[in-house]
Amino acid sequence: MPNPFCRLLLIVLACALPLVVAHAADPATPPFEEGKDYVRLSTPVPTEMPDKIEVIEMFWYGCPHCFDLEPKVREWLKHKPDNVAFVRIPVAFGASWEPGARAYYAAEALGVLEQIHEPLFAAMHQHKLKDEDDLAAFFAEHGVDQDAFRKAYSSFQTETQLRRGNQLAQRYGVRGVPAVIVNGKYDVRSPRMFEVVDFLIVQEAAAPGGG
(Lines give C-alpha, C1' and ligand atoms only; values in the text may rest on other atoms or scores of the structure.)
Protein backbone atom coordinates (compact mmCIF):
# COMPACT_ATOMS: atom_id res chain seq x y z
CA MET A 1 0.00 0.00 0.00
CA PRO A 2 1.40 3.46 -0.88
CA ASN A 3 2.64 5.56 2.02
CA PRO A 4 -0.07 8.23 2.77
CA PHE A 5 2.59 10.90 3.23
CA CYS A 6 4.16 10.13 -0.16
CA ARG A 7 0.74 10.21 -1.81
CA LEU A 8 0.04 13.64 -0.26
CA LEU A 9 3.44 14.93 -1.40
CA LEU A 10 2.79 13.77 -4.97
CA ILE A 11 -0.59 15.52 -4.98
CA VAL A 12 0.98 18.79 -3.76
CA LEU A 13 3.74 18.62 -6.38
CA ALA A 14 1.24 17.81 -9.13
CA CYS A 15 -0.75 20.92 -8.20
CA ALA A 16 2.26 23.23 -7.86
CA LEU A 17 4.14 22.23 -11.01
CA PRO A 18 1.76 23.84 -13.54
CA LEU A 19 1.96 27.11 -11.59
CA VAL A 20 5.77 27.06 -11.67
CA VAL A 21 5.83 26.28 -15.40
CA ALA A 22 3.23 28.93 -16.15
CA HIS A 23 5.23 31.58 -14.25
CA ALA A 24 8.49 30.66 -15.99
CA ALA A 25 6.86 30.79 -19.40
CA ASP A 26 4.89 33.97 -18.80
CA PRO A 27 6.04 36.39 -21.50
CA ALA A 28 4.68 39.27 -19.43
CA THR A 29 7.27 38.65 -16.70
CA PRO A 30 10.14 41.13 -17.23
CA PRO A 31 13.55 39.46 -17.39
CA PHE A 32 15.05 42.16 -15.18
CA GLU A 33 13.75 43.77 -12.02
CA GLU A 34 13.61 47.41 -11.06
CA GLY A 35 15.38 47.86 -7.75
CA LYS A 36 17.55 44.82 -8.38
CA ASP A 37 19.03 45.03 -11.88
CA TYR A 38 18.47 48.75 -12.32
CA VAL A 39 17.31 51.73 -10.28
CA ARG A 40 14.87 54.32 -11.51
CA LEU A 41 16.26 57.79 -10.75
CA SER A 42 14.04 59.81 -8.41
CA THR A 43 14.63 62.85 -10.64
CA PRO A 44 15.19 62.08 -14.35
CA VAL A 45 17.85 64.16 -16.08
CA PRO A 46 17.03 65.63 -19.53
CA THR A 47 19.13 64.06 -22.27
CA GLU A 48 21.20 65.89 -24.89
CA MET A 49 19.35 64.35 -27.85
CA PRO A 50 15.63 63.92 -27.12
CA ASP A 51 15.08 62.11 -30.44
CA LYS A 52 17.47 59.35 -29.35
CA ILE A 53 17.62 56.97 -26.42
CA GLU A 54 20.76 58.02 -24.60
CA VAL A 55 23.13 55.57 -22.92
CA ILE A 56 25.86 57.18 -20.80
CA GLU A 57 28.88 55.38 -19.40
CA MET A 58 30.77 57.24 -16.69
CA PHE A 59 34.25 55.90 -16.14
CA TRP A 60 37.80 56.55 -14.99
CA TYR A 61 40.83 55.35 -16.95
CA GLY A 62 42.47 54.10 -13.74
CA CYS A 63 39.43 52.08 -12.61
CA PRO A 64 40.00 48.29 -12.89
CA HIS A 65 36.27 47.59 -13.16
CA CYS A 66 35.96 50.14 -15.96
CA PHE A 67 38.90 48.49 -17.69
CA ASP A 68 37.22 45.08 -17.38
CA LEU A 69 33.96 46.50 -18.73
CA GLU A 70 35.57 48.16 -21.75
CA PRO A 71 35.65 45.04 -24.02
CA LYS A 72 31.93 44.55 -23.31
CA VAL A 73 31.30 48.19 -24.22
CA ARG A 74 33.13 47.78 -27.51
CA GLU A 75 31.25 44.56 -28.28
CA TRP A 76 27.90 46.16 -27.48
CA LEU A 77 28.72 49.18 -29.66
CA LYS A 78 29.05 46.88 -32.69
CA HIS A 79 25.33 46.13 -32.39
CA LYS A 80 24.06 49.39 -30.91
CA PRO A 81 20.63 50.25 -32.34
CA ASP A 82 20.45 53.32 -34.58
CA ASN A 83 17.99 55.00 -32.23
CA VAL A 84 20.56 54.98 -29.42
CA ALA A 85 23.18 57.65 -28.70
CA PHE A 86 26.13 56.39 -26.64
CA VAL A 87 28.11 58.91 -24.62
CA ARG A 88 31.27 58.28 -22.61
CA ILE A 89 31.94 60.66 -19.75
CA PRO A 90 35.28 60.49 -17.95
CA VAL A 91 34.61 61.78 -14.45
CA ALA A 92 37.15 63.15 -11.99
CA PHE A 93 36.10 62.38 -8.44
CA GLY A 94 39.62 63.10 -7.22
CA ALA A 95 42.79 64.90 -8.27
CA SER A 96 44.39 61.67 -9.48
CA TRP A 97 41.42 61.07 -11.81
CA GLU A 98 41.72 64.44 -13.55
CA PRO A 99 44.68 63.80 -15.91
CA GLY A 100 42.87 60.89 -17.56
CA ALA A 101 39.67 62.88 -17.97
CA ARG A 102 41.61 65.79 -19.47
CA ALA A 103 43.42 63.41 -21.81
CA TYR A 104 40.08 62.01 -23.00
CA TYR A 105 38.71 65.45 -23.83
CA ALA A 106 42.01 66.51 -25.42
CA ALA A 107 41.95 63.39 -27.64
CA GLU A 108 38.36 64.16 -28.60
CA ALA A 109 39.23 67.78 -29.47
CA LEU A 110 42.23 66.66 -31.54
CA GLY A 111 40.17 64.07 -33.45
CA VAL A 112 42.23 61.09 -32.25
CA LEU A 113 39.91 59.63 -29.63
CA GLU A 114 39.00 56.51 -31.63
CA GLN A 115 42.64 55.55 -32.17
CA ILE A 116 43.93 56.46 -28.73
CA HIS A 117 41.13 55.52 -26.32
CA GLU A 118 41.98 51.81 -26.06
CA PRO A 119 45.78 52.12 -25.71
CA LEU A 120 45.30 55.03 -23.31
CA PHE A 121 43.02 52.86 -21.20
CA ALA A 122 45.64 50.08 -21.10
CA ALA A 123 48.46 52.48 -20.21
CA MET A 124 46.47 54.25 -17.50
CA HIS A 125 45.34 50.91 -16.12
CA GLN A 126 48.98 49.94 -15.70
CA HIS A 127 49.63 53.27 -13.91
CA LYS A 128 52.19 54.28 -16.52
CA LEU A 129 50.75 57.77 -17.03
CA LYS A 130 50.39 59.99 -13.99
CA ASP A 131 50.59 63.58 -15.16
CA GLU A 132 50.53 65.94 -18.14
CA ASP A 133 54.15 65.25 -19.09
CA ASP A 134 53.58 61.48 -19.15
CA LEU A 135 50.45 61.95 -21.22
CA ALA A 136 52.11 64.36 -23.65
CA ALA A 137 54.87 61.80 -24.27
CA PHE A 138 52.25 59.07 -24.71
CA PHE A 139 50.27 61.11 -27.23
CA ALA A 140 53.50 61.90 -29.10
CA GLU A 141 54.14 58.16 -29.39
CA HIS A 142 50.78 57.98 -31.14
CA GLY A 143 51.56 60.75 -33.60
CA VAL A 144 50.10 63.75 -31.75
CA ASP A 145 52.17 66.91 -31.50
CA GLN A 146 53.01 67.51 -27.83
CA ASP A 147 52.31 71.25 -28.00
CA ALA A 148 48.92 70.61 -29.57
CA PHE A 149 48.16 68.06 -26.85
CA ARG A 150 49.20 70.42 -24.04
CA LYS A 151 47.07 73.20 -25.51
CA ALA A 152 44.00 70.93 -25.74
CA TYR A 153 44.72 69.44 -22.29
CA SER A 154 44.48 72.86 -20.63
CA SER A 155 41.96 74.49 -22.95
CA PHE A 156 38.80 76.26 -21.84
CA GLN A 157 36.81 73.62 -23.72
CA THR A 158 38.41 70.82 -21.71
CA GLU A 159 37.84 72.73 -18.47
CA THR A 160 34.19 73.18 -19.38
CA GLN A 161 33.67 69.52 -20.32
CA LEU A 162 35.45 68.36 -17.19
CA ARG A 163 33.24 70.52 -15.00
CA ARG A 164 30.09 69.49 -16.86
CA GLY A 165 30.93 65.78 -16.56
CA ASN A 166 31.35 66.07 -12.81
CA GLN A 167 28.13 68.06 -12.52
CA LEU A 168 26.26 65.38 -14.48
CA ALA A 169 27.67 62.69 -12.20
CA GLN A 170 26.25 64.63 -9.25
CA ARG A 171 22.86 65.04 -10.91
CA TYR A 172 22.71 61.30 -11.64
CA GLY A 173 23.79 60.52 -8.09
CA VAL A 174 26.80 58.58 -9.33
CA ARG A 175 29.21 57.74 -6.50
CA GLY A 176 31.42 55.21 -8.25
CA VAL A 177 32.39 53.94 -11.66
CA PRO A 178 31.68 52.37 -13.99
CA ALA A 179 28.16 53.76 -14.02
CA VAL A 180 25.74 53.29 -16.90
CA ILE A 181 22.66 55.50 -17.19
CA VAL A 182 19.90 54.83 -19.69
CA ASN A 183 17.90 57.75 -21.11
CA GLY A 184 18.44 59.94 -18.07
CA LYS A 185 16.13 57.66 -16.06
CA TYR A 186 17.77 54.39 -15.09
CA ASP A 187 21.00 53.54 -13.28
CA VAL A 188 21.97 50.02 -14.37
CA ARG A 189 23.38 47.89 -11.57
CA SER A 190 23.80 44.36 -12.83
CA PRO A 191 26.63 42.03 -13.80
CA ARG A 192 24.58 41.51 -16.97
CA MET A 193 25.07 45.21 -17.67
CA PHE A 194 24.35 45.44 -21.38
CA GLU A 195 21.58 42.86 -21.35
CA VAL A 196 19.80 45.17 -18.92
CA VAL A 197 20.70 48.18 -21.09
CA ASP A 198 19.14 46.48 -24.13
CA PHE A 199 16.04 45.60 -22.10
CA LEU A 200 15.64 49.24 -21.00
CA ILE A 201 16.22 50.50 -24.56
CA VAL A 202 13.36 48.33 -25.82
CA GLN A 203 11.21 49.53 -22.93
CA GLU A 204 12.00 53.18 -23.66
CA ALA A 205 11.44 52.76 -27.40
CA ALA A 206 8.00 51.28 -26.72
CA ALA A 207 7.02 54.13 -24.39
CA PRO A 208 4.96 57.03 -25.78
CA GLY A 209 7.35 59.39 -27.56
CA GLY A 210 10.12 56.76 -27.40
CA GLY A 211 13.06 56.89 -29.80
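Please read all numbers here as calculations on a predicted model, not as lab measurements.
Proximity of Arg189 to Asp37: side-chain heavy atoms (C-beta onward) are nowhere separated by under 4.5 Å. The closest side-chain heavy-atom distance from Val84 to Trp76 is below 4.5 Å. Looking only at side-chain heavy atoms (C-beta outward), Glu57 and Leu69 come within less than 4.5 Å of each other. With a 4.5 Å cut-off on side-chain heavy atoms, Val45 and Leu168 count as touching. Annotation: side chain of Tyr172 is in contact with side chain of Ile56 (closest heavy-atom distance under 4.5 Å). Side-chain contact between Val174 and Phe93 is present, with at least one heavy-atom pair separated by less than 4.5 Å. Contact annotation: the side chain of Thr47 never approaches that of Ile53 to less than 4.5 Å [non-hydrogen atoms, C-beta and beyond]. Side-chain contact between Asp133 and Phe138 is absent, with no heavy atoms from C-beta onward closer than 4.5 Å.
Residues Trp97 and Tyr61 place their aromatic rings such that the two centres sit no closer than 6.0 Å. For Tyr104 and Phe121, the gap between ring centers reaches or exceeds 6.0 Å.
More than 12 heavy-atom neighbours from other residues, nucleotides or ligands sit within 6.0 angstrom of NE2 on His142. Residue Gln126 qualifies as enclosed at atom CD: its count of foreign heavy atoms under 6.0 Å is above 12. More than 12 heavy-atom neighbours from other residues, nucleotides or ligands sit within 6.0 angstrom of CD on Glu141.
A single hydrophobic cluster is not seen to contain both Val180 and Met58; linkage of ILVMFWY side chains at heavy-atom distances under 4.5 Å, directly or through other members, places them apart. Phe32 is connected to Leu200 through a chain of hydrophobic side-chain contacts under 4.5 Å among Ile, Leu, Val, Met, Phe, Trp and Tyr, so both are in one cluster. When hydrophobic clusters are built by joining Ile, Leu, Val, Met, Phe, Trp and Tyr residues whose side-chain heavy atoms come closer than 4.5 Å, directly or via intermediates, Ile116 is grouped together with Val87. Under the 4.5 Å side-chain heavy-atom criterion for ILVMFWY residues, a single connected hydrophobic cluster contains both Leu77 and Val55. Under the 4.5 Å side-chain heavy-atom criterion for Ile, Leu, Val, Met, Phe, Trp and Tyr, Tyr105 and Leu113 are members of the same hydrophobic cluster.
The cationic atom of Arg102 (NZ for Lys, CZ for Arg) lies less than 6.0 Å from the six-membered ring centre of Tyr153 and within 45° of the ring axis.
Between atom NE2 of residue His125 and atom SG of residue Cys63 there is a gap of 9.0 Å, rounded to the nearest 0.5 Å. The CG atom of Leu110 sits 9.0 Å away from atom CG of Asp145, with the distance rounded to the nearest 0.5 Å. Between the CD atom of Gln146 and the NZ atom of Lys151 there is a distance of 16.0 Å, given to the nearest 0.5 Å. Put simply, NZ on Lys52 and CG on Asp82 are 6.5 Å apart, with the number rounded to the nearest 0.5 Å. The CD atom of Gln170 lies 9.5 Å from the CZ atom of Arg175; values are rounded to the nearest 0.5 Å. Once rounded to the nearest 0.5 Å, the distance linking CG of Asp131 with OG of Ser96 reads 12.0 Å.
For Asp68, the side chain to side chain contact (heavy atoms under 4.5 Å, CB included) criterion is met by no residue, not counting sequence neighbours.
For the pair Glu75 and Lys78, the salt-bridge criterion is met [side-chain N within less than 4.0 Å of a carboxylate O]. Comment: Arg88 engages Glu70 in a salt bridge, judged by a side-chain N to carboxylate O separation of less than 4.0 angstrom.
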TODO: Could you walk me through whether Leu120 and Leu129 pass side chain to side chain contact (heavy atoms under 4.5 Å, CB included), step by step?
DONE: CA-CA 9 Å; Leu120 179 59; Leu129 311 173; 3.7 Å; yes
Open item on the list: Set out, in order, the CA-CA distance, both residues' side-chain angles and the distance that settles side chain to side chain contact (heavy atoms under 4.5 Å, CB included) for Lys72 and Met193, then state yes or no.
Closed with: CA-CA 9 Å; Lys72 296 175 184 174; Met193 181 78 79; over 6 Å; no
Open item on the list: Glu204 vs Tyr186, test: side chain to side chain donor-acceptor pair (under 3.5 Å). Steps then yes/no.
Closed with: CA-CA 10 Å; Glu204 283 297 287; Tyr186 308 103; 3.2 Å; yes
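Side chain of Asp187 to main chain of Ile181: no donor-acceptor pair is present (N/O by atom type, distance under 3.5 Å, no hydrogens or angles). Without hydrogens or angle criteria, Glu54 side chain to Glu48 main chain gives a donor-acceptor distance under 3.5 Å. Using a distance-only test at 3.5 Å, with no hydrogens or angles considered, a donor-acceptor pair links the side chain of Thr158 to the main chain of Ala152.
Contact detail for Pro99 and Leu135: the closest heavy-atom pair is O-CD1, 3.5 Å. Across all their heavy atoms, Ala103 and Phe149 have their closest contact at CA-CE1, 4.4 Å. Closest of all the heavy-atom pairs between Asn166 and Ala92 is OD1-N, 2.9 Å. Shortest non-hydrogen contact noted between Met124 and Gly100 is CE-CA, 3.6 Å. Considering every non-hydrogen atom in both Ile89 and Gly165, the closest pair reads CG2-CA, 3.7 Å.
Aromatic ring orientation, Phe199 versus Tyr38: tilted (interplanar angle from 30° to 60°).
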